[in-house]
2 protein chains.
Amino acid sequence: MAEKPAVRDAIRTQEKILAAAQAEFARRGYDGARVDAIVARAKVSKNLLYHYFRGKEDLYIRILERVYETLRRRQSDVAVNGLDPLDAMIRLCENTFRVFVEEPDVIIMLNTENLHRARHIGKSTIIRSMYDRLAETLREILRQGEEQGVFRKGVDPVELYISISGLGYFYLSNQYTLSMLFNRKLGAPEHIEHRQAHLVDMVISYLTREPQPGDWTPELAR
Amino acid sequence: MAEKPAVRDAIRTQEKILAAAQAEFARRGYDGARVDAIVARAKVSKNLLYHYFRGKEDLYIRILERVYETLRRRQSDVAVNGLDPLDAMIRLCENTFRVFVEEPDVIIMLNTENLHRARHIGKSTIIRSMYDRLAETLREILRQGEEQGVFRKGVDPVELYISISGLGYFYLSNQYTLSMLFNRKLGAPEHIEHRQAHLVDMVISYLTREPQPGDWTPELAR
DNA sequence: TCCCTGTTGGACTAATTGGTTAGTTTGATA
DNA sequence: TATCAAACTAACCAATTAGTCCAACAGGGA
């Protein structure tokens, strides 16, 4: 039609469809998402969607992969090498939280995928191999901190990663119900800010706490 | 039919329907849940469901209220009075985590409700007034701990509650994707156990950490 | 016996759904 | 300028969905 520069641009069109699909899936989840809504958002005929993609599930998996890729990229991007362990850890915490704040699609995609018990991830080969690097970074920071005597010994990196994520993730993913319950607009920028500081405080307190005599909860080395 | 003791028991039947609905909603979320599946689970005719309930959404809200009630009851049940603040806090942490472990339906219901941006909670008057008591308990424990010099000062109870919940919730709600990513069966009892200890350790470390000189992240009193 | 309440059955609809078919437009090229 | 594959569309389809209607029936108390 009387459309702009890029008419009949296959790649661009596919990108449009993917963007529309991400918006739709990230707003309504898998079951709530409507293929018709996606084509409407993308301003494309329905058949074109089926021309480029196998169908709803295929599209969903593509989006899931994109989302994981974003997550991994932004988490690993941390300029962490060279920093002292404390700063590196703070940076890593802030970065993890920031991803969730700035890419809210991630949260609903992950929730949706867990609702389906990670059925789709299994079908994607690339996602599973993504997290090794992140775990390695974390392990390295912990090792250095331990060596320099600023961090406690025997911290499980996986457990710690889950804690860092969880402290931010839950706040954001459940912000609507929590805001109602506690009558506080958790989405407001100043509260987000505040939560980030709290998160960092919590993690660093945990890591820098020296073992107490007669510790009530001796954590296994692994 | 050749069915058990309580034939023609209206209340029991409604209870059966509610139980079936909870199972269905907690397995598939709101959009994934099928009314037909609910009546099949409840072994009841479809008419009967519409006889007792307005429809799918009505049923969903009822389940949501039940779930919140469970949550509130089990969290407030903590025999916390009389304990010293440290023990009380540990108890509260464990209890919060235990609810999520033992009532996994809660997690998906909350996730679903947040996917819908708490649209249904707004329609329920009773839920919103539930959490005052919990917040009060938490505030009291903090006050005592502060008074006795074992806890740091100026901790925001809401922020802390969100952290306690988040540390457990994220682990459980995202266990399927996380298990794949880290190749560790997070649902296994020994790992659950381990996480609980980690959670407590983290919270107590945070609370009992004395303020450092030149603190890197001074937390606002509120 | 009669009737009230709890209950079933099945056929039905109106809307929506994911997906398909059959065809038209476009731009590069030979 | 005739051709052809790729980009694109409109209309349709078959299945599924939540929700309804209506006629019937079973058990227990009056």
Side-chain angles (χ1 to χ4, degrees), chain A residues 1-64 112 115-116 119-120 123, chain B residues 1-64 112 115-116 119-120 123:
Chain A
M1 323 286 102
E3 201 65 19
K4 305 311 111 46
V7 241
R8 294 182 100 69
D9 182 335
I11 308 212
R12 229 182 132 89
T13 303
Q14 290 177 52
E15 194 44 55
K16 259 191 351 192
I17 295 174
L18 284 169
Q22 176 162 337
E24 177 71 4
F25 282 125
R27 186 100 181 71
R28 324 229 184 246
Y30 183 81
D31 294 301
R34 298 289 163 244
V35 176
D36 285 343
I38 295 173
V39 304
R41 271 180 207 263
K43 291 211 262 290
V44 162
S45 81
K46 203 169 173 183
N47 191 297
L48 203 49
L49 185 150
Y50 284 97
H51 178 61
Y52 290 124
F53 305 97
R54 286 226 190 97
K56 188 183 184 182
E57 189 177 1
D58 179 35
L59 212 38
Y60 172 81
I61 294 176
R62 301 280 280 267
I63 302 301
L64 193 63
T112 299
L115 175 63
H116 292 281
R119 183 160 47 89
H120 306 98
K123 298 185 182 177
Chain B
M1 321 282 100
E3 202 64 18
K4 304 312 110 44
V7 241
R8 300 182 94 65
D9 183 333
I11 310 216
R12 230 181 131 89
T13 303
Q14 291 177 52
E15 194 44 55
K16 256 186 359 188
I17 296 174
L18 285 169
Q22 177 163 339
E24 177 71 4
F25 282 126
R27 187 101 182 71
R28 322 227 184 249
Y30 183 81
D31 294 301
R34 297 288 164 247
V35 175
D36 286 341
I38 295 174
V39 304
R41 271 180 207 262
K43 291 211 263 288
V44 162
S45 76
K46 202 170 173 180
N47 284 343
L48 207 49
L49 185 149
Y50 284 97
H51 180 61
Y52 288 124
F53 304 97
R54 284 224 191 100
K56 188 182 184 182
E57 188 176 3
D58 179 35
L59 213 38
Y60 172 81
I61 294 176
R62 301 280 280 267
I63 301 302
L64 193 63
T112 300
L115 174 63
H116 292 280
R119 181 160 48 90
H120 305 97
K123 298 185 181 177

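We name chains A, B, ... by the order of the sequence lines, and we start the count at 1 in each one. All values reported here derive from a predicted model rather than from experimental measurement.
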Can you tell me the distance, in whole Å, between the [atom1] atom of [X] and the [atom2] atom of [N]?
X: A:L49; N: D:dA10; atom1: CG; atom2: P; answer: 15 Å
X: A:I11; N: D:dA6; atom1: CD1; atom2: C1'; answer: 13 Å
X: A:Q14; N: D:dC8; atom1: CD; atom2: P; answer: 9 Å
X: B:K43; N: C:dT7; atom1: NZ; atom2: P; answer: 15 Å
X: A:D58; N: C:dG19; atom1: CG; atom2: C1'; answer: 14 Å
X: A:L48; N: D:dA11; atom1: CG; atom2: P; answer: 17 Å
X: B:F53; N: C:dG6; atom1: CZ; atom2: P; answer: 13 Å

N/O (side chain, A:Y52) to phosphate O (OP1/OP2, D:dA6) under 4.0 Å: no
Are side-chain heavy atoms of A:I11 and A:E15 found at a separation under 4.5 Å? no
Rounded at 0.5 Å granularity, tell me how far CG in B:L59 sits from CG in B:L49. 5.5 Å
Report the residue from A:L64, A:I63, A:T112, A:D58 that forms a side chain to side chain contact (heavy atoms under 4.5 Å, CB included) with A:H120. A:L64
I want to verify a distance call: between C:dT7, D:dT9, D:dA7, whose nearest atom is closest to the B:T13 side chain? C:dT7
Does A:K56 qualify as a cation-pi partner of A:Y50, given the criterion of NZ or CZ under 6.0 Å from the six-membered ring centre and within 45 degrees of its axis? no
What does the B/S/- profile of nucleotides 13-19 of chain D look like, 5' to 3', with a 4.0 Å heavy-atom cutoff to protein? ----SBB
For residues 17-26 of chain B, run the donor-acceptor check on the side chains, cut-off 3.5 Å, and write out each pair with its distance to 0.1 Å, sequence neighbours left out.
residue : atom : partner : partner atom : Å
B:Q22   : OE1  : B:R66   : NH2          : 3.4
B:Q22   : NE2  : B:D105  : OD2          : 2.9
B:E24   : OE1  : B:R41   : NE           : 3.3
B:E24   : OE1  : B:R41   : NH2          : 3.2
B:E24   : OE2  : B:R34   : N            : 3.0

Taken in chain and number order and not counting sequence neighbours, the residues that satisfy salt bridge (charged side-chain N to carboxylate O under 4.0 Å, His left out) with A:D36 are A:K46
